[in-house]
Amino acid sequence: MTRRPWPTLLVTLFTGTLALVGLQAVWPFLPQGEKLRGVSAEPPPVKWDWTEFKAGKTAREIEAWYNVRVGLRNFWVMLDNQVSYTFFGEVNPRSEGSRVIAGEHDWFFEYQYIETAVTPSLWRAAVPSVVQRLKSVQEKLARRGIPLLVVVAPSKVEVYPEHVPAAYFGGRKPADNLSDFELARPLLQAAGINYYDGPARYAAWKAAGERNLFARAGTHWSYQSSLRVLGEIRARLNPGMRHPLPEFTVSSTPVGPPRVTDRDLLDLTNLLVTSPYEHSQPYPVLQPQHAVPTDQLPRILWVHDSFGWVLIDQLYAAHAMQPSESLYYFNTVYRIPGAVKQDTDLKKIDWEVRLKSYDAVVIVWTEIAFDFDSWGFIETLDRALP
Amino acid sequence: MVFASLFFLYAFLPLFLGCYYLAPLRWRNAVALVASVVFYAWGEPVFAGILLVASVVVYLISLGIQRLPVTSRRPRQWLLALGLVASLALLVYCKYSNFFVANLNGLLGYLRHGSIAWTAVALPIGVSFFTFQKISYLVDVYRGTSRPARNLPDFLLYVMLFPQLIAGPIIRYHDIAGQIEHRDHTADRFLAGAWRFLLGLGRKVLFANPLGLVADRIFGHDLASLPAAYAWVGILCYTFQIYFDFAGYSDMAIGLARMMGFEFIENFNRPYTARSVTEFWRRWHISLTNFMRDYLYIPLGGNRAGSSRTGLNLWLVFLVSGFWHGASTSFIAWGAYHGSLLSLERGLGRQRLERLPAVLGTVLTFLLVLLGWVLFRTATLADAITYVGRLFDFAHWNAVNPPLDFVWPEVISRRATAVLLLAAVISFLPDRFWTRFGWDDPLPRSFRGGVLRTVIAAACLLLASAALAGQSYNPFIYFRF
């Protein structure tokens, strides 16, 4: 009888693959591959506790621990995502985390924006009182010589609804639904709130044929359009500031693959190959200004959501602002530039003292969210300032 | 522990196979037994103790039966009854006591007599399967079909052998007794097992899981307002989910056993190609059908006592089968539904059914089985009736401005749609297609067939691992709070 080598070889290959992938979890001898992008929660540590063991919890914790460390995990996650996107034009749904929806021609959207764009506001009744509080804080700051500017950022879904797969709107139209901001707009105007109407500006720019207002792969305003926003913010802030913002100069506008926030949604899809979906974007290069010395530059307190980062980065790239603080979602304090997280307890801040060193307060939130109270910042200031 | 998990695939399985094949032949049963205890105790350590104790009791009773002379009929019968009661008592207590108490409390409430205070009993995983295995063992020993196991470890291995412990196939003792004592370990058999295991993994992870997500979403919706199109998609997805899930699990069990040198009974044989409900039950969960036939239908009299009695026996067997599947009125109704269909088919006569065109027979059978799955999937009988009503409410075919979490792409993605279509194609391909390509042979017939199998198996492992890993990663664009 002749011995055939194939079965033994295949058995060795099969068991060897299982064993090596398993060993990789505890002894990573192979490179783990490209890191998975996005922020995710680590599974809780395994608790070696008899009661938990008896209840089977320890076993589940060990499996959860193992699942994030198993060999080739990053490759597998990306492969699964690639199968969905390449063959079905879809981004895998997730049981938690940010959901990304893919439209035609590699337009990506965050699901939350789609949902909000066609869902009636739940906060209609609260809008007047929040606007009144905003007015009160604006007046208190004005008495201290500090202008307040509320920058309302547009939603990509509201600007480009035609690129959202129509089925996701379920027969509704974003244009037929008043967003929280649209409800508040007349009240903000009536109360004399100093606000920047991003949604109106973007709608006008789009109607005028402006392109690249948002990158296809990003959820935030593009670098190019946000620079334009900065120019208009400057014009609005400068008249009331002790130290005005200097002019920005763009030295060139090269075109290249999307970067940082212009590709955050594409990154979140965690595909093996992204280059075919990286549609070029213009990237204005800001010339750092030296006409105004650093100590004469404004110091601005930023209270913002993720739309604020692009504005902040561009101001520092132009050397137009002194080092300052960012109160991200009025929850985490970062020292800027550089976004260095600070160990500051927001509840213990003496706002009267703190605000003295600032030339302006800029709040940035997005039109879809009822963030008029700036995540509690306005109420805090209203209480803290006499 | 479940087979379709990264931990099983890449930690438990290689570790077990390494220990099993490095151990001398005479120690392999011991390795398999220890691994089986660990496998069962992994998620439910307490229940492993209960299972062990219950198995020891049954083993001791079987020794008692064997030691009594065959002429001592009555004592042997008493011992058999004791063993059956002991086995069934655990099943009844763990699986049905909550159901009985809830119904009793309902009745007491109706009669305004208060209620019984009751702490819900947790269900040990696989209890329905290992109870039937113990019954099979006791009856086999009583009937003299098999000698009792050589020793307690052999018996424990029969009950606890991990490939079949959780969800079958239901192995009858006389089918496996010889293999526990002696079996061959060859590379060919191992390879055939690996192929079968990976095929099952693919069925479970790449087909059943995504279809299950769709079915869960639809059955989780308010059933009373479910548009007909959604209801059809939901039940179609569930119909293929339950097949690919269960058949996939059986494939994995058969494959794992084969890797260890065991040969298990086949459990599924393309059931959705059946041309009658009777044929469906010859192809669906074959090990359960065999068990019910040998240990319930035939003892009830089978088909030996006239057509009315045969019909009643069939009906009773399926009623018990329904109740075995789950403790709820829906499962009982499901069993009664299938029992009625089988009795009806028997009453109509096989010849009449065979005169139907094959395609019509298959479609009709599929639709009848599909309607039965509504009973199986819904929580209550009332829900099942509502759901069937929605299936045929063609006036409300699709939803107008559905809730956003219920628009079509949220309910069924393009990938899930493709999986559903592929599942349907695979399920309806006739036997001759598969036999022509030697799909059912443990090993490929030709080198080309071997290459094809290797590619399919590798793809199953790769894509299933990707899908399992993908489910474990849920990134946020930013953490906000």
Side-chain angles (χ1 to χ4, degrees), chain A residues 6-8 10-11 14-15 17-19 21-22 25 36-40 53-54 56 59-60 62-63 66-68 70-73 76-77 79-81 83-84 87-90 92-98 110 114-115 118-119 165 167-172 219 264-265 268 270 306 329 331, chain B residues 1 5-7 9-15 17-18 21 41-46 186-188 190-191 194 198 213 399-410 413-415 417-418 443 447 450 454 457 461-463 465-481:
Chain A
W6 288 108
T8 312
L10 287 172
V11 166
F14 171 68
T15 48
T17 304
L18 299 187
V21 172
L36 292 175
R37 294 168 293 256
V39 190
S40 72
F53 174 77
K54 275 197 300 184
R60 286 192 287 276
I62 292 173
E63 285 199 44
Y66 188 85
N67 283 346
V68 299
V70 63
L72 308 181
R73 189 221 183 192
W76 281 333
V77 171
L79 174 68
D80 193 45
N81 294 335
V83 168
S84 286
F87 296 109
F88 305 103
E90 289 172 334
N92 277 336
R94 298 286 168 211
S95 56
E96 53 182 311
S98 306
E110 214 177 329
I114 299 175
E115 193 178 27
V118 288
T119 305
Y168 280 96
F169 291 133
R172 304 162 181 86
T219 199
D264 47 18
L265 293 181
L268 209 62
N270 281 301
S306 51
Y329 283 101
N331 171 267
Chain B
M1 206 183 298
S5 70
L6 293 172
F7 189 76
L9 275 176
Y10 295 111
F12 183 88
L13 187 56
L15 194 63
L17 289 175
Y21 277 98
W42 182 250
E44 314 202 20
V46 177
T186 63
D188 276 351
F190 188 102
L191 199 60
L198 293 175
L213 284 176
V400 179
N401 293 351
L404 286 181
D405 63 349
F406 216 57
V407 296
W408 274 113
E410 287 294 283
S413 63
R414 279 176 234 161
R415 184 169 171 171
T417 308
L443 286 167
F447 181 75
T454 308
L461 180 62
L462 190 71
L463 294 175
S465 301
L468 290 171
Q471 286 156 17
S472 72
Y473 190 64
N474 294 302
F476 290 86
I477 190 161
Y478 304 111
F479 269 144
R480 288 179 173 174
F481 304 107

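Letters A, B, ... are given to chains in the order of the sequence lines, protein chains preceding strands, and every chain is numbered from 1. Only heavy atoms go into these numbers, but all of them, side chains included; no hydrogens, no water, no symmetry mates.
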Region of [X] in contact with chain A, defined by heavy-atom distances below 4.5 Å:
X         : result
Thr186(B) : neither
Leu6(B)   : both
Trp42(B)  : both
Thr417(B) : neither

Determine whether the aromatic ring centres of residues Trp76(A) and Tyr10(B) are separated by less than 6.0 angstrom.
yes
Any side-chain to backbone donor/acceptor pair from [X] onto [Y]? Under 3.5 Å, distance only.
X         : Y         : value
Glu90(A)  : Arg414(B) : yes
Arg415(B) : Phe88(A)  : no
Arg73(A)  : Gly470(B) : no

Checking [X] against chain B: side chain, backbone, both or neither under 4.5 Å from a heavy atom?
X         : value
Asn67(A)  : both
Val70(A)  : side chain
Tyr168(A) : both
Phe53(A)  : both

Nearest heavy-atom approach of Gln471(B) to Arg94(A) is N-NH1, 4.4 Å
Ranked by heavy-atom pairs below 4.5 Å to chain A, first place among Ser465(B), Ala187(B), Ala11(B) goes to Ser465(B)
Pick from Leu15(B), Asp188(B), Val46(B): which one has the most heavy-atom pairs with chain A under 4.5 Å?
Asp188(B)
Those residues that, when tested against Arg172(A), pass side chain to side chain contact (heavy atoms under 4.5 Å, CB included) (two or more places apart):
Val118(A), Asn401(B), Leu404(B)
Distance (rounded to the nearest 0.5 Å) between Met1(B) CE and Arg60(A) CZ
13.0 Å
So do Phe14(A) and Leu191(B) actually touch side chain to side chain, heavy atoms under 4.5 Å?
no
With Phe406(B), which residues qualify under ring-ring contact (aromatic ring centres under 6.0 Å, His included), at least two apart?
His221(B), Tyr230(B)
Find the one option among Gly171(A), Gly56(A), Gly89(A), Gly170(A) whose heavy-atom pairs under 4.5 Å with chain B are most numerous.
Gly170(A)
If you count heavy-atom pairs within less than 4.5 Å of chain B, which of Gly22(A), Ala59(A), Gly71(A) leads?
Ala59(A)
So among Leu72(A), Asp80(A), Leu79(A), which one has a side chain to side chain contact (heavy atoms under 4.5 Å, CB included) with Leu462(B)?
Leu79(A)
